[in-house]
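Everything below concerns the one structure shown next.
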Amino acid sequence: MLDAKWVREHADEVRDAAKRKRMDPEVVDGFLENDRNHRLVLQQVEGLRADLKASSSELGKMSSEERKVALGVQRSKKAELKELEQQEHELRVVVKDFAMRLPMPPAADVPDGLDDGGNVELSVSGPIPEKDFEIQTHDDLGEKIGVIDIKRGVKIAGSRNYLLLGDAARLERAVLNLALDHMMKRGFEMVSVPTLVNRACMEGTGYFPGGEEQAYLAERDDLALVGTSEVPLTSIHSGETLDFHNLPVRRVALSPCYRREAGTYGKDTKGLYRVHQFWKVEQVVLGPSDEAWSLEEHKRMLGHATDLMNLLELPYRVVNVCTGDLGQGQVQKFDIETWMPSRGAYGETHSASRFHDFQTRRLNLRYRPEGKGKPQFCHSLNNTVIASPRVLIALMENHQLADGTIYVPEVLRPYLGGDTVLRGNA
RNA sequence: GGAGAGAUGGCAGAGUGGCCGAAUGCGGCAGCUUGCUAAGCUGUUGAGCUGAUUUGUCAGCUCCGAGGGUUCAAAUCCCUCUCUCUCCGCCA
């Protein structure tokens, strides 16, 4: 959400943001018009209320005859007020609805672009592996050595579901545990979070309204399964005013993630790339309302993830996500894309976003600055640390050996009982 | 799932229709004191919105879990919802 006052004074900037993010700029004008009307009506309501209030307190001191006369006047004013209040209430709802859909303007160095094709490569790390044998796709290999079973996953839960068995399941657990330890070493507090959350969390983090189609809903209880632990992690302190001493708040969580993947029929149907349920270790940071700090932290958080990728000895690149591929609330986003031989391309494995105060305004999450200052909205940021099974694709393919076994990077060995290669059930 | 109790400012806690944005205590902040042993005294201390502004503020409105209602007037009465606690039931 944006500050209403700021939007009034920077309407062109917001309209421009909408265009660049490929959203309808009409929301801006819809907001402005209704906001203007709302404030006009609000002034009338407040004036009349003040009037009514003043005369009402007189009533308590009046004699009964005086009161009888005065009551008649009060009643007619009251009726007038009621009508105005009704108008005010309706307009308020409309304004809120528009406000919830206003786009956060992208940072200056976000490249323009229509979709992910417009993303700009910032850096490349590690050579693409060249092998003297044909690399088997993760799903072919996994099936062959009995560690991935997509057919039976589908039998149990429908398309885009899967089973990991034996070494694949062990590898997944190992990578996730490594990721958690990696972040805790860097001062992040590990949190176990709810993944079935209420509407306020989904709205507060910016997934609703608009993303309802992508979420599994438990409608009977008005709850949603989260697509990322960013939702509960960022919502922890909603409605609170934190002390500046406690900032920044750096947290990490491992959680299952659920995504309906509506509108992706026929896309990435092979293998474990796009699935309905996966595990993710996510980092979330809340900090002061300070652009420079926010920028620095964004880079640090990206670094936590790339450092881990280096430890996993995987080839990847970092892209500066373009305007058309940026979400409504994101100011800037860097994706890490990891080389996936089966795709013959880099595939998105991480997404590092900074939001400014977009989420914290919706969540009403503030902090009291040092000294006497008024409470300010925090800045929020998040980034993937590792997501599985997507990272398993990279591990099983890039680290594949000629005999169909999988090389285990040194850093993972302590998590796999010292194993240096995984051979599955072959 | 059943029965009951409750939700008030950073915290504790008073307030059952007009004198209440709200006593008191604690905490925080500022000052004074420093021979009542990290103490005493004094003062101060919520948020949001709207308008005006000589950008210091000023005026008005809203907020006592949330949303509705009754009333000239609601923290206070009524309804719905959410959450918390106690007892019972069920249960990993």
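Everything numeric in this text was worked out from a predicted model, so none of it was measured. Residue numbers start from 1 in every chain, and the chains themselves are labelled A, B, ... in the order their sequence lines are given, proteins ahead of strands.
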Please give the nucleotide sitting opposite [N] as a Watson-Crick or G-U wobble pair, both distances under 3.5 Å, or none.
N	value
B/C63	B/G46
B/A92	none
B/G51	B/C58

[N] phosphate, OP1 or OP2: any side-chain N/O from [X] under 4.0 angstrom?
X	N	answer
A/H89	B/G68	yes
A/R366	B/G46	no
A/R39	B/G51	yes
A/R75	B/C72	yes

- Measure from the ring center of A/F377 to the ring center of A/H356 and say whether it is less than 6.0 Å. no

- Query: Is the cationic atom of A/R173 (NZ for Lys, CZ for Arg) positioned less than 6.0 Å from the six-membered ring centroid of A/Y415 and within 45 degrees of its normal?
  - Reply: no

- Message: When the C1' atoms of B/G9 and B/A5 are compared, how many Å lie between them, rounded to an integer?
- Response: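 Straight-line distance between the two C1' atoms is 23 Å.
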
- Query: Given the P atoms of B/A73 and B/C63, what is the spacing between them in whole Å?
  - Reply: 13 Å

- So does A/Q43 reach the base of B/G51 with its side chain, donor to acceptor, closer than 3.5 Å? no

